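It should be emphasised that the depicted structure is a prediction, and the values quoted were computed from it without experimental measurement. We count ligands from 1, going down the list as the structure has it; atoms in each ligand are counted the same way. We use all heavy atoms of the structure for the numbers below, so side chains are in, but hydrogens, waters and symmetry mates are not.
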Amino acid sequence: MSKTAERYDHFVDGESVASTGDERIDVVYPYDGEVWASVPAGTTADVDRAVETARAAAAEWRETSPSERRATLYGIADALDDHAEELGELETRQNGKLLREMAGQTDALGEWYRYYGSLVETARGDTVPVENKDGGLFNYVDHEPYGVVGAITPWNSPLMLTTWKLAPALAAGNAFVHKPSEQTPVSALRFAAILRDETDLPDGVYNVVTGAGETGAALAEHDGVDKLAFTGSTATGRAVGAAAGRALNPVSLELGGKSPNVILPSADLDNAINGVVKGIFAATGQTCLAGSRVLVHEAVHDEFVERFTERARSVTLGDPMAPETEMGPVAFREQWETVREYVEAGDAEGATVAYGGEQPDGTPGECFVQPTVLVDVDNGMQVAREEIFGPVASVIEVEDETDAVETANDTDYGLAAGVWTEDMRQAHRVADALEAGTVWVNEYRTLSHRSPFGGFGDSGLGRENGAEALDEYRQTKSVWIDLDGEVDDPFTLG
Ligand code: ADP
């Protein structure tokens, strides 16, 4: 560790709090391998303390009026706007993704808090016509927060994926215990300090416990947590989902993908190639929604492969902080090794490496890998079935629209899909047939706080963003009032 590496602690009840244990985790800048910070590996006792704090804070936070919550969320948005650049840089220092991508994310986060603040301010309950009694009944439906949300997040877009949970959870009136990724814990700690210093969010409503998988498991298993929210791998998602099942707690899971990007003959090929690059090489392929299976109609397959490979060759790799860089390193060495193993597995199964798969000359550290194009891929191969989480495009030739749709849907996942066609009827037909939570036509990787996002199949449960996400963080209560003051026949349901 360099001498200047900063030591961070957990953040609970508005304060930096030392761990009850001694173990620590280094935070590394993937670009050059420098260890620049360390955080505690949270113990079960650390998680207990944070959950207890959140429980106490939740009791008060839920009593605030929608207007008060809206005002607080708007304040969080303003504070985020003021710190967007600083937080974006912190994100890049943690995961090595391009500053333009990470600062772009932190710059947009305020809108989530404004949106959910506005939603909760304008939300209404329902009255329901119930006619099963002479003299009348009055029935209304209202919503209440769950209490304490336990959130576990990954390293690829740390504050954005936190915000997708935190903004609706706070708006609905919950308190929050957050276990950020062990690779990227510092931005959450800094964000927590900004909330304390620059907003009127009460202490204890947002708490951060750092640590790795064990700390996450302690939070997922904690009986003081009322609702779990998780983004990460499908394997870990199953463990978090199982913990939620045992406790009979609701859970939202945003998991992996092997998303198809389908190119049909009428596509504008220049546009489609840009879209495929955006889907798989942007963010060094480290996004759950990466368009990692590229399904190309046989009529345009050869031309596509030639031009796409050329494009891959021209991607500028380098310093993630530099504005001209198009692709940075992958986030840590194990991830680099995973990418290499998949490229070798593809080769062994009969795919051809048209370009890439190696660390390019002249790049520092040991986490760079070239944008990689695998061709002659069959949809049954490992490189077509498993999430690689790196810049590896598996190109699969398809015969026609029917084959494209069947191949696209022949996957355990269902997070996202893209389709490239200038034929409007075909666009709607294929969008309707694709089994995925998000479908883009002639675009890829666009998101909004207003539009729901989440997966079919093994890509997850529940939805983030949009009005749907508010309902992930509140439970429904139906209240019946008798209007005539007399109980009917006590032995009959009605
Ligand atoms: P990745 O790092 O590939 O995104 P993970 O799903 O392992 O995938 O990590 C996502 C988050 O889940 C991280 O914060 C990690 O520490 C946490 N985590 C890992 N294992 C567990 C577990 N068994 N229970 C709860 N959280 C876990």
Side-chain angles (χ1 to χ4, degrees), residues 10 23-28 30 39-44 46-47 50-51 91 94-97 149-166 176-189 191 207-223 225 227-247 249 251-258 283-290 292 330-339 341-342 367 386-390 392 413 415 455 458-461 464:
H10 304 306
E23 212 184 309
R24 297 190 67 81
I25 298 172
D26 287 341
V27 181
V28 180
V39 296
T43 63
T44 306
D46 297 343
V47 173
V51 173
E91 298 278 64
Q94 300 176 118
N95 68 9
K97 280 168 78 170
V149 173
I152 301 167
T153 53
W155 48 265
N156 60 327
S157 295
L159 286 178
M160 187 179 85
L161 296 172
T162 302
T163 287
W164 289 9
K165 299 160 184 57
L166 183 63
F176 208 87
V177 178
H178 180 201
K179 206 297 287 174
S181 162
E182 55 273 39
Q183 276 90 20
T184 57
V186 178
S187 55
L189 293 167
F191 175 51
N207 306 281
V208 181
V209 181
T210 61
E214 283 166 24
T215 314
L219 181 59
E221 303 279 347
H222 203 287
D223 62 8
V225 169
K227 146 93 195 180
L228 286 167
F230 172 82
T231 301
S233 63
T234 293
T236 306
R238 283 187 206 284
V240 172
R246 280 190 293 277
N249 277 335
V251 60
S252 345
L253 302 170
E254 203 264 274
L255 309 177
K258 193 74 195 175
T284 320
Q286 302 172 113
T287 69
C288 51
L289 49 77
S292 51
V330 295
F332 46 97
R333 181 65 185 176
E334 292 83 347
Q335 192 54 34
W336 187 92
E337 280 157 11
T338 304
V339 171
E341 281 162 22
Y342 272 111
C367 292
E386 295 176 17
E387 185 175 45
I388 300 175
F389 226 70
V392 182
Y413 293 110
L415 192 59
D458 288 357
S459 289
L461 288 177
E464 301 201 284

Exercise for the section: Kindly confirm or rule out an N or O of Lys179 lying under 3.5 angstrom from an N or O of ligand 1. Expected result: yes
Handout entry: Protein heavy atom under 4.0 Å of atom 4 (O) of ligand 1
Key = yes
Handout entry: Proximal ligand 1 atoms for Gly216, defined as those under 4.0 Å from one of its heavy atoms
Key = 24 (N), 25 (C), 26 (N)
Practice task
Work out whether the distance between some heavy atom of Phe230 and some atom of ligand 1 is less than 4.0 Å.
Solution key: yes
Exercise for the section: Name the closest protein heavy atom to atom 27 (C) of ligand 1, giving the residue it belongs to and the distance to 0.1 Å. Expected result: Thr236 CG2, 3.4 Å
Completion exercise
Taking only non-hydrogen atoms of Val240 and a 4.0 Å limit, the atoms of ligand 1 in range are 25 (C)
Handout entry: For Thr153, atoms of ligand 1 separated by under 4.0 Å from a heavy atom
Key = 11 (C), 13 (C), 14 (O)
Exercise for the section: May I ask you to list the atoms of ligand 1 that are less than 4.0 angstrom from any heavy atom of Ser181? Expected result: 14 (O)
Exercise for the section: Determine whether any heavy atom of Ala212 lies closer than 4.0 Å to an atom of ligand 1. Expected result: yes
Exercise for the section: Enumerate the atoms of ligand 1 whose separation from the nearest heavy atom of Ala217 is less than 4.0 angstrom. Expected result: 24 (N), 25 (C), 26 (N)
Exercise for the section: Quick one: look up the protein heavy atom nearest atom 19 (C) of ligand 1 and list residue, atom name and how far away it is. Expected result: Gly213 CA, 3.4 Å
Exercise for the section: Please check if the side chain of Glu91 supplies one atom and the backbone of Leu159 the other of a donor-acceptor pair under 3.5 Å. Expected result: yes
Practice task
Find all atoms of ligand 1 within a distance of less than 4.0 Å from any non-hydrogen atom belonging to Gly232, and give their numbers and elements.
Solution key: 6 (O)
Completion exercise
In short, Ala243 meets Ala220 closest at the heavy-atom pair CB-O, 3.7 Å
Exercise for the section: Determine the minimum heavy-atom distance between Val225 and Asn249, stating which atoms define it. Expected result: O-ND2, 2.9 Å
Exercise for the section: Check whether any side-chain N or O of Ser459 sits under 3.5 Å from a backbone N or O of Tyr413 as a donor-acceptor pair, and report yes or no. Expected result: no
Practice task
Within a distance under 4.0 Å of any heavy atom of Trp155, pick out the atoms of ligand 1 and give their elements.
Solution key: 1 (P), 2 (O), 4 (O)
Handout entry: Of the listed options His178, Glu182, Glu387, Gln335, closest to atom 15 (C) of ligand 1 (non-hydrogen atoms)
Key = Glu182
Exercise for the section: May I ask you to check whether over 12 heavy atoms, not counting those of Glu337, lie within 6.0 Å of atom CD? Expected result: yes
Practice task
Using a strict cut-off of 4.0 Å, indicate which atoms of ligand 1 neighbour a heavy atom of Pro154.
Solution key: 4 (O)
Practice task
Could you tell me whether a side-chain N or O of Asn95 sits under 3.5 Å from a main-chain N or O of Ala331, the two making a donor and an acceptor?
Solution key: no
Problem - Ser252 and Lys165 side chains, donor-acceptor separation under 3.5 Å - result: no
Practice task
Ignoring hydrogens and angles, tell me if any N or O in the side chain of Gln335 forms a donor-acceptor pair with the backbone of Phe389 under 3.5 Å.
Solution key: yes
Practice task
Would you check the N or O atoms of Ser233, main chain and side chain alike, for any that come under 3.5 Å of an N or O of ligand 1?
Solution key: yes
Fill in the blank from the handout: For atom 17 (C) of ligand 1, the closest protein heavy atom turns out to be Ile152 CG2, 3.6 Å
Exercise for the section: Please say whether more than 12 non-hydrogen atoms of neighbouring residues, nucleotides or ligands are located less than 6.0 Å from CD in Glu214. Expected result: no
Practice task
Identify the residue among Thr234, Leu161, Leu255, Leu415 that makes a side-chain contact (heavy atoms from CB on, under 4.5 Å) with Cys288.
Solution key: Leu415
Problem - Lys258 side chain vs Glu386 backbone, donor-acceptor pair below 3.5 Å - result: yes
